[in-house]
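Notes to accompany the following structure.
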Amino acid sequence: MHSSTVEPSIKISLMNQYEESHTKQHMLICYVFGFYPSEIEVKWYRNSQEETELVQSTEPYHNGDWSYQILVMLETEIQKGDTFTCEVHHRSLKAPHRVDWRKIFLFFCNLTTIASMRLISV
């Protein structure tokens, strides 16, 4: 048994959009891992407002060594400008650890515009 506390690592990922094309729902996953002991609290926020309704969580589970991991998922629509935050409370942390996630919206111009820009710059 491990006698000290170990701070969690946190990663956020976006699962692919659901197969149904009529929905705008996405699944954000907060993956919290490498922590000890197993007692932990994970919260989701959208633009600083806590999200509770569409949040699902696994129980903390043992990694096979002395550490634990947990997945906390948020089903949500993502609008341009939204900031999502995964907040972790754990005994090893002096203050809650927060990780922000924003979707990057890319804008594409057509290939003839790019080709024209290259011809001008040569």
Which heavy atom in [X] sits nearest to a heavy atom in [Y], and how many Å separate them?
{"X": "Pro37", "Y": "His90", "value": "O-NE2, 2.8 Å"}
{"X": "Trp66", "Y": "Tyr36", "value": "O-CD1, 3.0 Å"}
{"X": "Val99", "Y": "Ile12", "value": "O-CD1, 3.4 Å"}
{"X": "Ser38", "Y": "Pro60", "value": "O-CG, 3.5 Å"}

**Report entry** Steps toward ring pair (Phe, Tyr, Trp, His ring centres under 6.0 Å) verdict (Tyr31, Phe33)
**Finding:** CA-CA 6 Å; Tyr31 174 46; Phe33 58 98; 4.6 Å; yes
Could you state the interatomic distance from [atom1] ([X]) to [atom2] ([Y]), rounded to the nearest 0.5 Å?
{"X": "Leu74", "Y": "Met27", "atom1": "CG", "atom2": "CE", "value": "8.0 Å"}
{"X": "Met73", "Y": "Met15", "atom1": "CE", "atom2": "CE", "value": "9.0 Å"}
{"X": "Ile29", "Y": "Lys11", "atom1": "CD1", "atom2": "NZ", "value": "13.0 Å"}
{"X": "Arg102", "Y": "Asn47", "atom1": "CZ", "atom2": "CG", "value": "9.5 Å"}
{"X": "Glu7", "Y": "His97", "atom1": "CD", "atom2": "NE2", "value": "8.5 Å"}
{"X": "Phe35", "Y": "Ser9", "atom1": "CZ", "atom2": "OG", "value": "10.5 Å"}

Report task. Take Lys103 and His26, measure what side chain to side chain contact (heavy atoms under 4.5 Å, CB included) needs, and give me the verdict at the end. Result -> CA-CA 11 Å; Lys103 185 169 184 176; His26 292 79; 4.1 Å; yes
Query raised in the report: So if you build clusters from Ile, Leu, Val, Met, Phe, Trp, Tyr with side-chain heavy-atom gaps below 4.5 Å, do Val72 and Leu54 land together?
Result: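 Each belongs to a different hydrophobic cluster.
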Report task. Could you tell me whether the side chains of Thr83 and Arg46 share a donor-acceptor contact shorter than 3.5 Å? Result ->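 No, no side-chain donor-acceptor contact under 3.5 Å.
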Requested in this report: Scan side-chain atoms only and decide if Glu77 and Gln79 contain a donor-acceptor pair under the 3.5 Å cut-off.
Outcome: yes
Requested in this report: Before giving the answer on side chain to side chain contact (heavy atoms under 4.5 Å, CB included), spell out for Val42 and Cys86 the whole-Å C-alpha distance, their side-chain angles and the decisive distance to 0.1 Å.
Outcome: CA-CA 7 Å; Val42 181; Cys86 178; 3.6 Å; yes
Heavy-atom side-chain proximity of [X] to [Y] below 4.5 angstrom:
{"X": "Tyr45", "Y": "Arg98", "value": "yes"}
{"X": "Glu50", "Y": "Trp44", "value": "no"}
{"X": "Leu14", "Y": "Phe84", "value": "no"}
{"X": "Val6", "Y": "Ser92", "value": "no"}
{"X": "Leu71", "Y": "Tyr61", "value": "yes"}

Query raised in the report: Under 30°, 30 to 60°, or over 60°: which ring-plane class applies to His62 and Tyr68, parallel, tilted or perpendicular?
Result: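 Answer is perpendicular, since the angle exceeds 60°.
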Query raised in the report: Is there a donor-acceptor pair under 3.5 Å between the side chain of Thr85 and the backbone N or O of Asp100?
Result: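 The answer is no, because no donor-acceptor pair under 3.5 Å joins these two groups.
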Report task. Using modelled atom types only, decide if a donor and an acceptor are shared between the side chain of Asn63 and the backbone of Asp65 within a distance under 3.5 Å. Result -> no
Requested in this report: Given side chain to side chain contact (heavy atoms under 4.5 Å, CB included), test Ile10 with Cys30 step by step and report yes or no.
Outcome: CA-CA 7 Å; Ile10 305 165; Cys30 185; 3.7 Å; yes
